[in-house]
S.K.: 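Just dropping this structure here.
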Amino acid sequence: MDQEKQRRLRTLPAVHEVISRLEQEEEFSPFLTNERQLPRLTQEIRQVLQKARETINLNHTDSFAEFENSLWSWLKIQLLQELTQPQTSLRRVINGTGVVLHTNLGRALLAPEVARFVAEQAEKYSNLELNIETGERGSRYVHIEELLCQLTGAEAAMVVNNNAAAVLLMMNTFAQGKEVIVSRGELVEVGGSFRIPDVLKAGGAKLVEVGTTNKTWLRDYETAITPETAVLLKVHTSNYRVEGFTHAVSGAELVELGQTRGLPVLEDLGSGSFFDGANLGFPLEPTIQQTVKAGISLASFSGDKLLGGPQAGIIVGKKEYIQRLKQNQLTRALRVDKLALAALEGTLRLYKNGQIDEIPVWRMLSVPLEALRLAASELVLALQSNPAISVELKEDVSQVGGGAWPTVELPTWVCAIRPIQGSVIELEKFLRLGTIAILSRIHKDWVFIDVRTLLSGDGEEIVRRLGELEF
Ligand SMILES: *Cc1c(COP(=O)(O)O)cnc(C)c1O
């Protein structure tokens, strides 16, 4: 038996033999003609030959003659599979979930124009921290500060790595070793790792909870103020709503109290938005501009939620407070990366120029229902001839995501798919495991693809992938 194994192993070709045979195969020419691809090809051949050795050693091949005959085509298939597989860990994904700000899928998409600006900034040197006029060292914050002030009406602004960092920095700067008063209805947890009580602790501040889960009054804050109080903090209850018998203190009321007691009032706006969403029929929430206008000392929000830009933590407010943030040593550790800064500048310029429709988040949130119906019917039509599935046009709801407007359900149209063979769970997995992962949603015994979050060309890829489904 062992002798037989040895004989089989000896029939395996050497790496150079494989290469010379591949030279006669057209599919492999891109890998053979490109010098830089050659090491990769050699590496893959070694791995595939190793796999063949393991197969022989496991001795699964009773009909070895058959294995020997098909060895060459087996090697070729294995090699092509390896070579055409994406090489990176980060890969593009098709979002058919209808969740616009999907945290697992990278939250907000940048506008193509902004992405091109980022690519240019990545490839070339820039004036990131250079004052071109004087030739002296400059600050990276100048590139966005004026824009942010113009757009929000604030006196001053700065940016850090993300909103969690912004809240941490604010707490550390103004409340280290002191007390911060927060309503019990606003002790938020976002996405598992961000909890207001823990961020306060990390910033060295002591949390003082006031009011109850559903009701907090201004007098609750008032009576909790002691000589140890450093900050009155308001937190946007991003991802939940307390409904029914409720009362919360508005930012404006808190600002008034802060002013009479000489305390800064800080607000974590969470997503933060330049629009109130009223024209989209969303429940009214204060905009960033309104929060600033109410006289808040500092307000912070994310760059990659409703703003539709890169991951960043934006802080706007009074000049004296921004100045103190900039002087904190932590700012250096939490500082915003130059590519994020470029993406943020690009996105803010779109707002300034009134090119809101070019910001993908807002385009997806405001696309007319009729356009969604049309796009979904086109996809249904393109899939109708596929014998492995049955498809239907259905109505459903999409979500904003990213902890923004959690109760809003956006009416949408979906392409509903059911496999002729197998389960919807298998179909969802089949879509996800293609060359380009296609993310969908299982609803009862259907797989839904919500067209709201599809990009141009995604439909064709979905049709192509489903064409590979066997039945
Ligand atoms: C999302 C969110 C955060 C965290 O923001 P990141 O930019 O993800 O760090 C903090 N606070 C609130 C209220 C949020 O909604």
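Position 1 is the first residue of the sequence, and the numbers go up from there.
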S.K.: Can any side-chain N or O of T88 pair as donor or acceptor with the backbone N or O of L90 at less than 3.5 Å?
M.R.: yes

S.K.: Answer yes or no: are there more than 12 heavy-atom neighbours, outside E146 itself, under 6.0 Å from its atom CD?
M.R.: no

S.K.: Of all the heavy-atom pairs spanning P411 and L372, show the shortest one and how long it is.
M.R.: O-CD1, 4.1 Å

S.K.: Should the pair R465-E468 be classified as a salt bridge under the 4.0 Å nitrogen-to-oxygen rule?
M.R.: yes

S.K.: Using side-chain hydrogen bond (donor to acceptor under 3.5 Å, both in side chains) as the criterion, list what pairs up with R137, not counting sequence neighbours.
M.R.: E129

S.K.: Restricting to non-hydrogen atoms, name the atom on E228 and the atom on G177 that form the minimum distance, rounded to 0.1 Å.
M.R.: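 It is OE1-O, 4.2 Å.
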
S.K.: Less than 3.5 Å apart, any donor N or O on the side chain of N161 or D337 sitting next to an acceptor on the other?
M.R.: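 Side chains of N161 and D337: no pair found under 3.5 Å.
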
S.K.: Whether the H102 and Q399 side chains hold a donor-acceptor pair (N or O, under 3.5 Å, no angle test) is what I'd like checked.
M.R.: no

S.K.: Is a salt bridge present between D268 and K234, judged by a nitrogen-to-oxygen distance below 4.0 Å?
M.R.: no

S.K.: Go through R92 and I436 one step at a time and tell me if the side-chain contact (heavy atoms from CB on, under 4.5 Å) criterion holds.
M.R.: CA-CA 7 Å; R92 88 153 276 230; I436 300 178; 4.1 Å; yes

S.K.: Any side-chain donor paired with an acceptor under 3.5 Å for D450 and T412?
M.R.: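 A pair is found: one side chain offers a donor N or O, the other an acceptor, under 3.5 Å apart.
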
S.K.: Could you tell me whether a side-chain N or O of S297 sits under 3.5 Å from a main-chain N or O of V265, the two making a donor and an acceptor?
M.R.: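 Yes, because the side chain of S297 sits within donor-acceptor range (under 3.5 Å) of the backbone of V265.
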
S.K.: Does R324 count as lying over the ring of F174, i.e. NZ or CZ under 6.0 Å from the six-ring centre, within 45 degrees of the axis?
M.R.: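 Not flagged: R324 not positioned over aromatic ring of F174.
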
S.K.: Hey, does P283 have a side-chain heavy atom less than 4.5 Å from the side chain of V408?
M.R.: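 Yes, their side chains come closer than 4.5 Å.
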
S.K.: Under 4.0 Å between a side-chain nitrogen and a carboxylate oxygen: does that hold for E345 and K338?
M.R.: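 Here E345 does not pair with K338 in a salt bridge, since their nearest N and O are not under 4.0 Å apart.
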
S.K.: Are V231 and L263 close enough that some pair of their side-chain heavy atoms sits under 4.5 Å apart?
M.R.: no

S.K.: Quick one: are T173 and T331 in side-chain contact, heavy atoms under 4.5 Å?
M.R.: no

S.K.: Report yes or no: is the cationic atom of K215 (NZ for Lys, CZ for Arg) under 6.0 Å from the centre of the six-membered ring of F245, at an angle within 45° of the ring normal?
M.R.: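 Cation-pi check for K215 and F245: passes.
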
S.K.: Nearest 0.5 Å please: distance from the CE atom of M364 over to the CG atom of L101.
M.R.: 9.5 Å

S.K.: Run the salt-bridge test on R373 and E370 with the 4.0 Å N-O cut-off and return the result as yes or no.
M.R.: yes

S.K.: As an exercise, state the distance from OG1 of T347 to OH of Y351, rounded to the nearest 0.5 Å.
M.R.: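 Nearest 0.5 Å value for the OG1-OH distance: 7.5 Å.
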
S.K.: Using a 4.5 Å cut-off on heavy atoms from C-beta on, say whether the side chain of I356 contacts that of F275.
M.R.: yes

S.K.: Kindly give the heavy-atom pair with the smallest separation between N172 and Q176, and that separation in Å.
M.R.: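 Taking N172 first and Q176 second, the nearest heavy atoms are O-CB, 3.5 Å.
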
S.K.: So, for G317 and A154, which heavy atoms are closest and what is the spacing to 0.1 Å?
M.R.: N-CB, 3.7 Å

S.K.: Between S366 and L280, which heavy-atom pair has the shortest distance, and what is it?
M.R.: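 Shortest heavy-atom contact: CB-CD2, 3.5 Å.
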
S.K.: Taking the side chain as every heavy atom from C-beta outward, state whether Q311 and R107 have any pair of such atoms under 4.5 Å apart.
M.R.: no

S.K.: Is it true that R195 and E189 have a side-chain N and a carboxylate O under 4.0 angstrom from each other?
M.R.: yes

S.K.: Nearest 0.5 Å please: distance from the CD1 atom of I94 over to the CZ atom of R432.
M.R.: 14.0 Å

S.K.: For the residue pair S300 and N163, confirm or rule out a side-chain donor-acceptor distance under 3.5 Å.
M.R.: yes

S.K.: As an exercise, state the distance from CG of L169 to CG of L325, rounded to the nearest 0.5 Å.
M.R.: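 If we round to the nearest 0.5 Å, L169:CG and L325:CG are 5.0 Å apart.
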
S.K.: For E320 and Q323, does a side-chain donor sit closer than 3.5 Å to a side-chain acceptor?
M.R.: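 Side-chain D/A pair, E320 to Q323: absent.
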
S.K.: Does either side chain, that of R452 or that of S398, offer a donor lying less than 3.5 Å from an acceptor on the other one?
M.R.: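 Distance-only check passes for R452 and S398.
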
S.K.: What's the shortest heavy-atom distance between T435 and R464, and which atoms?
M.R.: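 Between these two residues, the closest heavy atoms are OG1-NH2, 4.0 Å.
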
